[in-house]
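First up is the structure itself, then whatever we jot down about it.
Computation of the quantities below employed the complete heavy-atom set of this structure, encompassing side-chain atoms and omitting hydrogens, waters and symmetry-equivalent molecules.
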Amino acid sequence: MGRAILSSLAMLVAVAGWAQSDNRSVLGKANEYLSAGATAIRAGRYDDGIRLTVRGLEHEVTTPYERAAALANLCAAHAAKGEPDKAIERCDESLELNGRNWRAYSNRSYAYYLKGMYSEAKLDLNAAAALAPGARQVEQIRGLINERSLSPRVTMEDRR
Amino acid sequence: MLLCCAASLAAASSSRAAALPVGTWNCLVYGPYGDQRLFIGIAEDRKTYIARIRDASLRRWNPISDWRVSRGRIRFTDPAAGREFVAETGQAALGGTWRAETAVGGWWCSPEQGAPASADSRPPSPAGLMTELVPAIMASPNYPRQAIREAKQGRAVSCFIVNGIGEVSDAELMELSDEIFRGPTLTAVTQSRYRAWGDEQALRPACRSYTFELDAIR
């Protein structure tokens with residue numbers, strides 16, 4: 001349980017370079033690679049993080065919940081590297097295993113945002129917000145999407 | 001000479017600010033049915049008078065309700081238009097909101113030279129109501145980036161005084177849907193100018209509304 005919570009911490013935070021200062025992780029020895037991968041992603045070392053996480057997924061025994069968290073981490077790392085297609089693929093896999101992981105929705109939303117697919121990004125963001133109301137990352141991504149998808153207009157009227 | 005006049009104007013303005021708004025005011029009344037210019041006379045004997053352009057041409061005041069002050073606000077009613085006017089007292093300009101049975105709006109006045117309003121006095125010349133204020137520089141407010149990020153839309157109405165050389169001063173917000181639009185609105189208003197239409201001491205009220213909207217990019 002602790003491991004699962006912990007590995008999901010690294011997720012989206014890494015995406016746009018949002019540093020994760022929260023250090024609640026207590027990673028077990030059993031998932032050494034996944035744990036190291038999450039740490040690397042959190043530190044912004046995305047290539048290392050991806051390599052370690054992939055190795056962990058291949059060689060370590062994990063629960064579906066842990067796999068989902070690890071896949072969401074991969075999604076975050078690819079999105080952070082500017083590889084939205086790979087990110088979406090990983091988030092899809094993650095959500096197939098655990099459809100209630102708000103970070104996976106949030107990560108995929110950011111990946112859609114990178115591709116300019118704002119409607120899809122908003123749908124995922126709403127799903128993330130429904131699962132985690134008030135999550136800061138969700139609001140940050142919403143702001144990014146709004147900036148790109150909304151055009152401001154000011155109408156003046158003189159009263160004289 | 002200029003110094004002397006400036007000083008006396010400042011003194012007059014300060015005495016107005018400190019006291020009740022007794023005097024003659026050149027007013028802009030705006031609302032959903034359009035804008036109207038008129039003189040409002042607030043007499044010392046608690047009588048209130050109004051003179052629209054036609055009345056001013058005939059040099060006559062129309063008496064309306066008595067004015068009353070409570071909790072720092074002056075109130076009076078124009079029975080013909082069914083409007084109750086309310087304004088804060090103690091300000092250099094006079095203005096606030098008006099309310100009728102089915103509509104609300106705002107009003108804003110600059111002090112007008114001339115004899116104090118009374119049953120025997122005459123309103124100023126209608127020319128003071130008919131001079132058109134022509135914008136020279138219409139500064140547009142920036143849409144705050146944070147408002148875009150938060151998908152905030154809104155509206156602001158600012159009223160201000162324009163002097164005879166077209167300068168804007170005493171800008172106040174009459175309506176503001178969200179604090180996020182306060183700064184850009186006031187900045188835009190104070191950066192605006194009108195074409196000169198008289199001397200520096202001649203004052204006219206004016207208001208400007210801004211609607212902040214966001215369109216989805218397709």
**Charged tip of R75(B) within 45° of W67(B) ring normal and under 6.0 Å** = no

Count the heavy-atom pairs under 4.5 Å between each of [options] and chain A, then report the option with the highest count.
{"options": "N142(B), D215(B), L214(B)", "value": "D215(B)"}
{"options": "R145(B), E150(B), M138(B), R37(B)", "value": "R145(B)"}
{"options": "C207(B), C159(B), S140(B), A188(B)", "value": "C207(B)"}

What part of [X] gets closer than 4.5 Å to chain A, counting heavy atoms only: side chain, backbone, both or neither?
{"X": "F181(B)", "answer": "neither"}
{"X": "E213(B)", "answer": "both"}
{"X": "E132(B)", "answer": "side chain"}

**Prompt:** Is there a side-chain contact between P111(B) and W25(B) (heavy atoms, below 4.5 Å)?
**Reply:** yes

**Request:** For R208(B) and S192(B), test the side chains for any donor-to-acceptor distance below 3.5 angstrom and give the result as yes or no.
**Result:** yes

**Prompt:** With distance as the sole criterion, is a donor-acceptor pair present between the side chains of Y194(B) and N163(B) under 3.5 Å?
**Reply:** no

**Asked** Between R73(B) and E88(B), does at least one N-O distance fall below 4.0 Å, as a salt bridge requires?
**Response** yes

**Item:** Under 3.5 Å: donor-acceptor pair, side chain of N31(A), backbone of S35(A)
**Value:** no

**Request:** Side chain from CB out, backbone as N, CA, C, O: work out which of these in R142(A) comes under 4.5 Å of a heavy atom of chain B, or both, or neither.
**Result:** backbone

**Asked** Considering only heavy atoms, which portion of S149(A) lies under 4.5 Å from any heavy atom of chain B: side chain, backbone, both, or neither?
**Response** backbone

